Chemist: 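First the structure, which I've put down as structure tokens, then a few questions once you've had a look.
Just so we're clear, the structure is a prediction, and the values are computed from it rather than from any experiment. Remember, it's 1-based here, ligands and their atoms both numbered in the order they're listed.
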Amino acid sequence: MSLDLAASAEAPACADDGVWLTCIACGETFAPFTDVRYTCDDCDGLLEVRYADLPTFAEFGAGADSDGPDRGVWRYREALPFDVGVTLPEGDTPLHRVDRLEADVGVDALRVKHEGMNPTGSFKDRGMTVGVRVAEELGVGRLACASTGNTSAALAAYGGRADLQTLVLLPSGKVAAGKIAQASLHGARILEVDGNFDSCLDIVQDLAARGEAYLLNSLNPFRLEGQKTIGFEILEEFHADYDTYPDRIVLPVGNAGNTAALYKAFRELVQSGAIDEADVPKLTGVQAEGAAPMVEAIEEGNDEVRRWEEVETRATAIRIGNPVNAPKALPGIRNTGGTAVAVSDEEITDAQRDLAHEGVGVEPASAASIAGLKKLRREGVVDDDEQVVCLTTGHLLKDPDAAYEAGSEPEPVPNDTDDVLAHLAE
Ligand SMILES: *Cc1c(COP(=O)(O)O)cnc(C)c1O
Ligand SMILES: [Zn+2]
């Protein structure tokens, strides 16, 4: 295993208070908060936030007793570009035990990190608290994103809190009801595009390039800084319970922002000496069979991901054919010894039921992590002695229609106790 750590932590002249942006393709560095930019000026490569001083894990563990900067995402401010942001607060999500599922899957330990417990019901809040703080720093007027739903809900809430205009582009007819309801009530202007998510992102990138809006998709490197804290929390919480780190983290993959963010979290912890390289969990990505370009690249050993023009899955949050963070995420999966796997919609729904029966309510995309783990266990890729954390990315209520379809039917009964008892006895 080789983590390709950043070559040097020495701040370039363009750094602002020990923070700068580096192109992952050509190494060019840029000032972080003076001009708006999402990719490299020279080669269009993805940008990554870098810090002169990396914190240690000891600093991470400090203080967690109130809301604001001592709870959730901002507890990790030593590893973020600011000390506090536009917060609701986010993070500090539960790492559930799921004993029956653990026995059923047949692994030594299985825990579920439920990111659906964030303020707007998905992990996107972690990225947005940092991203909107940076938008304030840059002094931009309008925030925008393309979204399969959850990014729009988070952007609308955090943009609203910061008193900034928000614009969201959604693929028409392919966004779950709860997510549109959130974006709408939190005050976003919603444009429904006659196309899929990838086309929405193409348009938002054009708008951003023309200076019409500040882009807050996960192409924005600051979003991933907030999402990095998922990795910090998992390692800290797991270690507190098991006195060791998990062997593997399994997560749903759409644009692969989380995969990239977790990999960055691990690299920073190794680089700062907080954990050993051998402690880094195997990053394992799961996609739906109808939208699996990352899985294709991993299975075929390709360095580039082929864009899928046609994508389809009930798990609308990962209905994405062109994962923009692939250049960051593919090395994350490969260098940690992980893998990627595709699952069917039926397997996703089964896993959603399994989780729900343990009291953990998630939307379909989230259940892909459990479905993927079950498949890899069946195939013998995951061993029975492994300790695993599955990430569930969004809350059950995000997609009430999917939940209703996966669950049991309500039974109509007469308005009478004896009739109710008779019905129960049938
Ligand atoms: C955004 C989202 C994903 C995909 O995450 P990426 O970081 O884009 O891979 C998965 N599940 C849910 C519920 C989401 O909202
Ligand atoms: Zn470059």
Side-chain angles (χ1 to χ4, degrees), residues 21-30 37-48 113-118 120-128 145-155 175-176 178-179 182-183 197-198 201 216-220 223-224 226-228 230-231 250-264 283 285-288 291-295 305 313-330 332-333 340 348 352 361-370 372 390-399 402:
L21 294 168
T22 294
C23 170
I24 66 161
C26 76
E28 186 61 79
T29 57
F30 301 96
R37 84 164 47 72
Y38 312 99
T39 53
C40 178
D41 296 6
D42 294 351
C43 79
D44 215 27
L46 295 177
L47 299 178
E48 188 167 82
K113 179 70 168 166
H114 193 12
E115 286 295 301
M117 301 307 286
N118 275 294
T120 77
S122 86
F123 71 83
K124 300 296 196 309
D125 296 342
R126 292 186 191 256
M128 224 42 98
C145 71
S147 179
T148 58
N150 283 330
T151 303
S152 72
L155 180 76
V175 178
K179 306 176 187 183
Q182 288 178 293
F197 167 83
D198 304 295
L201 186 57
L216 274 167
N217 282 96
S218 57
L219 183 66
N220 185 316
R223 275 263 316 268
L224 302 189
Q227 290 170 214
K228 225 168 51 173
I230 300 172
V250 186
L251 74 165
V253 175
N255 267 314
N258 265 341
T259 316
L262 288 172
Y263 181 45
K264 186 163 193 277
L283 278 174
V286 186
Q287 294 193 299
M294 284 277 291
V295 175
V305 171
T313 167
R314 191 179 299 161
T316 50
I318 52 173
R319 188 174 170 276
I320 291 172
N322 185 33
V324 292
N325 286 297
K328 291 177 173 177
L330 281 176
I333 290 174
I348 288 174
Q352 193 187 11
V362 308
E363 65 164 289
S366 305
S369 59
I370 292 286
C390 282
L391 196 66
T392 54
T393 39
H395 197 276
L396 179 152
L397 291 173
K398 289 286 195 171
D399 193 342

Chemist: Using a strict threshold of under 4.0 Å (side-chain N to carboxylate O), is an ion pair present between Lys124 and Glu115?
Modeler: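 Between Lys124 and Glu115 there is no salt bridge, as every charged N stays at least 4.0 Å from the carboxylate O atoms.
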
Chemist: Do Phe30 and Arg37 have side chains that approach each other closer than 4.5 Å (heavy atoms only, starting at C-beta)?
Modeler: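 Phe30 reaches Arg37 side chain to side chain.
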
Chemist: Check Lys398 against ligand 1 and report side chain, backbone, both or neither, counting heavy atoms closer than 4.0 Å.
Modeler: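 For Lys398, no heavy atom sits under 4.0 Å from ligand 1.
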
Chemist: Please tell me whether Thr393 and Ser366 have a donor and an acceptor in their side chains that are separated by less than 3.5 angstrom.
Modeler: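 Yes - a donor-acceptor pair under 3.5 Å links their side chains.
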
Chemist: Just let me know how Ile318 lines up against ligand 1, side chain, backbone, both or neither, with a heavy-atom cut-off below 4.0 Å.
Modeler: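 It is the side chain that touches ligand 1; the backbone stays farther off.
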
Chemist: Please report whether ligand 1 has a polar contact with Asn255, defined as an N or O pair separated by less than 3.5 Å (distance criterion only).
Modeler: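 Yes; at least one N/O pair falls below 3.5 Å.
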
Chemist: Does the N or O separation between Asn258 and ligand 1 drop below 3.5 Å for any pair?
Modeler: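 There is such a contact, yes.
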
Chemist: Suppose you place the vertex at the Zn ion (ligand 2); what is the angle out to Cys43 SG and Cys23 SG, to 10°?
Modeler: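 Taking the Zn ion (ligand 2) as the apex, I get 100° for this pair.
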
Chemist: With a 4.5 Å cut-off on side-chain heavy atoms, are Leu224 and Ser218 touching?
Modeler: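 In short, these two side chains touch, coming nearer than 4.5 Å.
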
Chemist: Under 3.5 Å between some N or O of ligand 1 and some N or O of Gly257?
Modeler: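 Looking only at distances, the answer is yes, because the N/O contact criterion of under 3.5 Å is met.
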
Chemist: Within the 4.0 Å heavy-atom shell around Ala365, which atoms of ligand 1 are there?
Modeler: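 Ligand 1 atoms under the 4.0 Å threshold to Ala365: 11 (N).
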
Chemist: Picking from Leu219, Val324, Asn322, what satisfies side-chain contact (heavy atoms from CB on, under 4.5 Å) with Asn255?
Modeler: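 Answer to the side-chain contact (heavy atoms from CB on, under 4.5 Å) test with Asn255 among Leu219, Val324, Asn322: Val324.
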
Chemist: Could you verify whether a donor N or O on one side chain and an acceptor N or O on the other, from Gln182 and Lys398, lie under 3.5 Å apart?
Modeler: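 There is such a pair between these side chains.
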
Chemist: Is there a nitrogen or oxygen of Thr393 sitting under 3.5 Å from a nitrogen or oxygen of ligand 1?
Modeler: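 Yes, since at least one N or O of Thr393 sits under 3.5 Å from an N or O of ligand 1.
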
Chemist: Testing the basics here: between Pro293 and Gly321, what is the closest heavy-atom pair and its distance to 0.1 Å?
Modeler: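 Looks like CG-O, 3.5 Å.
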
Chemist: Could you list the atoms of ligand 1 found under 4.0 angstrom from a heavy atom of Phe123?
Modeler: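 Reading through ligand 1 atom by atom, the close ones are 1 (C), 2 (C), 3 (C), 5 (O), 7 (O), 14 (C).
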
Chemist: Please list, in number order, the atoms of ligand 1 under 4.0 Å from a heavy atom of Val253.
Modeler: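 Result: 9 (O).
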
Chemist: If we check side-chain contact (heavy atoms from CB on, under 4.5 Å) with Leu391, which of these qualifies: Val250, Asn258, Thr259, Val286?
Modeler: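 Output: one option passes, namely Asn258.
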
Chemist: Quick test of your reading of the structure: of Ala256, Gly149, Ser152, whose heavy atom lies closest to atom 6 (P) of ligand 1?
Modeler: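 Answer by nearest heavy atom: Ala256.
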
Chemist: Is the shortest side-chain heavy-atom distance between Glu363 and Lys179 below 4.5 Å?
Modeler: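 SC-SC contact between Glu363 and Lys179 confirmed.
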
Chemist: Using distance alone, determine whether Gly254 and ligand 1 share an N or O pair under 3.5 Å.
Modeler: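 Between Gly254 and ligand 1 (N or O atoms, distance only) the closest approach is under 3.5 Å.
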
Chemist: Tell me whether Lys124 has any N or O atom under 3.5 angstrom from an N or O of ligand 1.
Modeler: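 The answer is yes, given that Lys124 and ligand 1 share an N or O pair closer than 3.5 Å.
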
Chemist: Return a yes/no value for Asn150: is any of its N or O atoms, backbone included, closer than 3.5 angstrom to an N or O of ligand 1?
Modeler: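 By distance alone, the answer is yes.
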
